[in-house]
Protein chains: 2
Amino acid sequence: MAKAPTVYDVAAKAGVSIATVSFAFRQPHRVKDSTRETVLSAARELGYLPSGSARGLARGRTGVLGVFSFDYYADDEAGSAAGPLTAAADRNRDYRYYPVYGDEVQRGMALQCRARGYALLTGSATEMSGNAQRIQDLAGQVDGLAIFPNVVSDEQLRLIAQRIPVVELSSPGEVRAGGQAHVSVDNESGMRALLDHLIRVHGFRRFTFLDAQTSSPDFRGRSHFFAEALAESGIDAEVASHIVSDDASPWAAAEVDRLLADPAGLPDVLVCVHDEIALPMMDELERRGISVPGDVAVTGFDGIVAGRLSRPPLTTVRQPMEAIGRSAVDMLIRAAEGSGEAQTQVLPVELMVRESCGCSG
Amino acid sequence: MAKAPTVYDVAAKAGVSIATVSFAFRQPHRVKDSTRETVLSAARELGYLPSGSARGLARGRTGVLGVFSFDYYADDEAGSAAGPLTAAADRNRDYRYYPVYGDEVQRGMALQCRARGYALLTGSATEMSGNAQRIQDLAGQVDGLAIFPNVVSDEQLRLIAQRIPVVELSSPGEVRAGGQAHVSVDNESGMRALLDHLIRVHGFRRFTFLDAQTSSPDFRGRSHFFAEALAESGIDAEVASHIVSDDASPWAAAEVDRLLADPAGLPDVLVCVHDEIALPMMDELERRGISVPGDVAVTGFDGIVAGRLSRPPLTTVRQPMEAIGRSAVDMLIRAAEGSGEAQTQVLPVELMVRESCGCSG
DNA sequence: TTGAAAGCGCTAACAG
DNA sequence: CTGTTAGCGCTTTCAA
């Protein structure tokens with residue numbers, strides 16, 4: 001790359017001051033038409049491209065929003081191996097559940113950024129260390145940052161939130177960390193609507209809840225309202241021990257073993273804390289010749305795309321992922337542009353009755 | 001947000017110079033242990049977060065790569081309306097084909113950026129004007145830029161490529177624009193493998209090619225090799241008039257009308273230039289009671305997720321989307337870090353024989 | 001091992 | 001309408 005021309009070069013070539021060059025681009029109306037023409041064409045001839053860093057530094061804002069996530073499907077070896085990149089390598093990846101929850105939320109953010117004239121900077125955590133460094137670098141480059149739960153320590157989060165608006169893409173924890181903004185969904189209504197359906201329509205009485213090993217405010221909330229709602233209905237539930245979500249098949253197999261070993265027999269329904277637990281469970285059950293929903297019903301939570309396409313289609317509670325992303329962006333922009341602090345927001349969910357609960361398509 | 005502490009504040013608090021603060025962060029080994037401790041803890045207490053803009057400006061690089069795309073599903077009204085964001089609004093979107101080709105490529109870029117320690121800045125074009133502005137802003141903030149075809153004028157592209165490494169995510173055009181880097185796939189082999197299968201295994205003789213209205217080097221390549229390969233086999237093909245890809249149902253209905261109106265009857269197979277034409281065609285055919293592949297076979301190109309889940313599953317040629325994205329990132333980084341110019345690269349494709357061609361699952 | 005000082009390229013008062 | 005000028009916050013020689 002040849003040395004990049006700057007405002008100085010353009011100014012010299014156009015025979016004006018650098019301020020005029022800047023104005024010609026940023027406040028065209030403040031410059032005489034003919035002057036603007038001169039400047040613009042000088043810029044064109046030189047191949048002038050304004051430096052984002054310099055602009056950002058001078059203005060104190062970058063026009064960029066950030067999002068930091070954890071990519072469950074990421075495979076660091078693929079990246080470092082630098083081996084031949086083939087179609088076969090691609091195919092071997094497990095994209096059964098892609099796009100997942102976070103992908104759809106990020107998509108919502110991208111769309112809203114686009115609509116609002118911002119760019120979106122994405123970064124994601126690594127299995128390895130160095131995440132603190134990564135996220136600080138990211139935070140230093142944006143006007144506002146959205147963060148998925150469980151990817152950043154509270155300390156880090158507080159540090160960053162002190163400098164730029166931050167919104168967590170989850171429910172607030174049980175203990176509200178001082179004023180931290182959140183965009184979340186109404187887990188309570190969702191869980192209650194789901195259980196209401198299972199109890200009233202299907203008459204289920206024996207419930208098993210499949211929880212995730214990775215804890216999060218949302219998961220804890222669902223678990224909590226599951227128990228609460230059942231208790232109110234005078235039903236006792238069994239809460240399965242934590243599920244390892246690291247590796248798909250092993251835990252599902254183990255869990256089915258556990259269910260089968262229960263002398264009391266299978267429960268009426270497996271209520272899973274999220275779709276990515278429900279889907280592999282259905283697969284594993286089918287593999288063992290156990291019919292869903294014939295022998296046992298299964299439900300999820302989130303409403304990822306894969307659940308619509310599974311067999312049977314998954315009954316679940318759908319989060320408005322795109323809206324979550326859009327909402328986060330709006331909050332960040334509002335806060336970044338000074339119109340008030342970011343506030344926590346709770347979006348509605350929707351019960352999606354499909355076939356895995358026993359309803360007919 | 002309180003005024004952000006800077007190196008100066010940290011330096012003052014730690015009783016050192018700003019150079020030492022910088023060193024403490026960027027070249028820890030060059031600073032005495034005790035000094036580093038002092039600096040770091042001063043920084044922590046102050047809640048110091050380095051400014052990305054300032055770093056970028058001083059270093060001449062940002063550690064960020066960019067990608068500019070066009071989002072076909074984007075709905076600007078949803079963004080500007082700022083109406084209530086509900087689950088229902090989300091559900092009404094047509095995500096049948098999501099994630100599309102570009103989403104998977106971007107995913108590959110994100111993964112590789114992560115692996116290489118870069119962040120990824122995403123921007124996308126608008127139906128409206130102002131794209132030149134958007135992309136220049138984007139380009140000004142990154143060390144390298146990947147661009148999808150048909151979203152940026154050649155002039156813009158040249159301007160940007162003059163300043164930072166740029167790679168186009170498509171085949172080079174027929175007329176190679178001077179040295180512009182590309183990451184693309186072997187459309188010729190893919191199309192030939194597909195036709196070979198259709199001719200040899202299924203004995204098809206009557207082919208119709210469904211082209212896209214939006215032209216691109218890849219689409220033109222596929223169209224070209226389709227005709228060439230058939231000609232070599234002594235088969236004559238009919239190339240359907242351009243298909244409007246703007247709105248799904250209307251053109252598909254019109255196209256089916258056209259096919260039905262042909263006194264010669266249906267062709268043996270509809271070879272579509274990409275999956276997003278093949279899929280709606282299959283839907284429309286089914287709607288009219290025309291069996292695929294019973295009455296007419298259909299094939300696609302790209303290998304998007306939706307094609308695996310359609311009924312029947314779509315026979316297509318799969319591009320290694322993730323690898324394309326990863327490869328683009330590697331090229332950009334190589335070029336940005338000065339180890340040579342970005343070069344064009346052609347990745348292999350793979351014929352995915354599924355059921356829409358008449359093979360049995 | 002640390003400090004002084006010169007930029008990096010642009011924006012935005014403030015003058016004129 | 002245009003020019004002068006002072007930063008924006010950090011990195012990086014070059015000296016000490």
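The chains referred to below are lettered A, B, ... by the order of the sequence lines, with proteins before strands, and numbering in each begins at 1.
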Do A/Thr344 side-chain atoms and A/His182 backbone N/O form a donor-acceptor pair below 3.5 Å?
yes
Between B/Arg59 and A/Ala58, whichever has its closest DNA chain C nucleotide further toward 5' is B/Arg59
5'-most to 3'-most nt of DNA chain D touching chain B (<4.0 Å, heavy-atom partner on protein side) reads D/dG9 to D/dT13
Practice task
Have a look at B/Val16 and say if it touches a base, only the backbone sugar-phosphate, or nothing, with a 4.0 Å heavy-atom cut-off.
Solution key: sugar-phosphate
**Q.** Check: B/Gln106/B/Thr122 side-chain N/O donor and acceptor closer than 3.5 Å
**A.** no
First and last nt of DNA chain C near chain B, cut-off under 4.0 Å to heavy atoms, 5' to 3', are C/dT1 to C/dG9
Q: Give one of base, sugar-phosphate or nothing for B/Arg30, where a contact means two heavy atoms less than 4.0 Å apart.
A: base
| message | For B/Gly63, is there any backbone N or O sitting under 3.5 Å from a side-chain donor or acceptor partner on B/Asp143? | response | yes
query: When you measure from the side chain of A/Thr38 to the backbone N and O of A/Ser34, does any donor-acceptor pair fall under 3.5 Å?
result: yes
- So what does B/Ser22 touch, heavy atoms closer than 4.0 Å: a base, only the sugar-phosphate, or nothing? base
- When all nucleic acid strands are considered with a 4.0 Å heavy-atom cut-off, which category describes B/Tyr48: base, sugar-phosphate, or nothing? sugar-phosphate
Open item on the list: Does either side chain, that of A/Gln141 or that of A/Asp137, offer a donor lying less than 3.5 Å from an acceptor on the other one?
Closed with: no
Result for 5'-nearest mapping on DNA chain C, choosing between B/Tyr8 and B/His29, is B/His29
Residues at least two apart in sequence or cross-chain that pass ring pair (Phe, Tyr, Trp, His ring centres under 6.0 Å) with B/Phe68, listed by chain then number, are none
message = Can a side-chain donor-acceptor contact be found between A/Thr20 and A/Ser17 if the only test is distance below 3.5 angstrom?
response = yes
Comparing nearest nucleotides in DNA chain D, the 5'-proximal residue of the pair A/Lys32, B/Val7 is A/Lys32
Q. Short question: side chain of A/Arg163, backbone of B/Ala4 - any donor-acceptor pair under 3.5 Å?
A. no
From the list A/Ile147, A/Ile160, A/Val67, A/Leu121, side-chain contact (heavy atoms from CB on, under 4.5 Å) with A/Leu138 holds only for A/Leu121
- Query: Which part of the nucleic acid, if any, lies within reach of A/Thr35 when heavy atoms closer than 4.0 Å are counted: base, sugar-phosphate only, or nothing?
  - Reply: sugar-phosphate
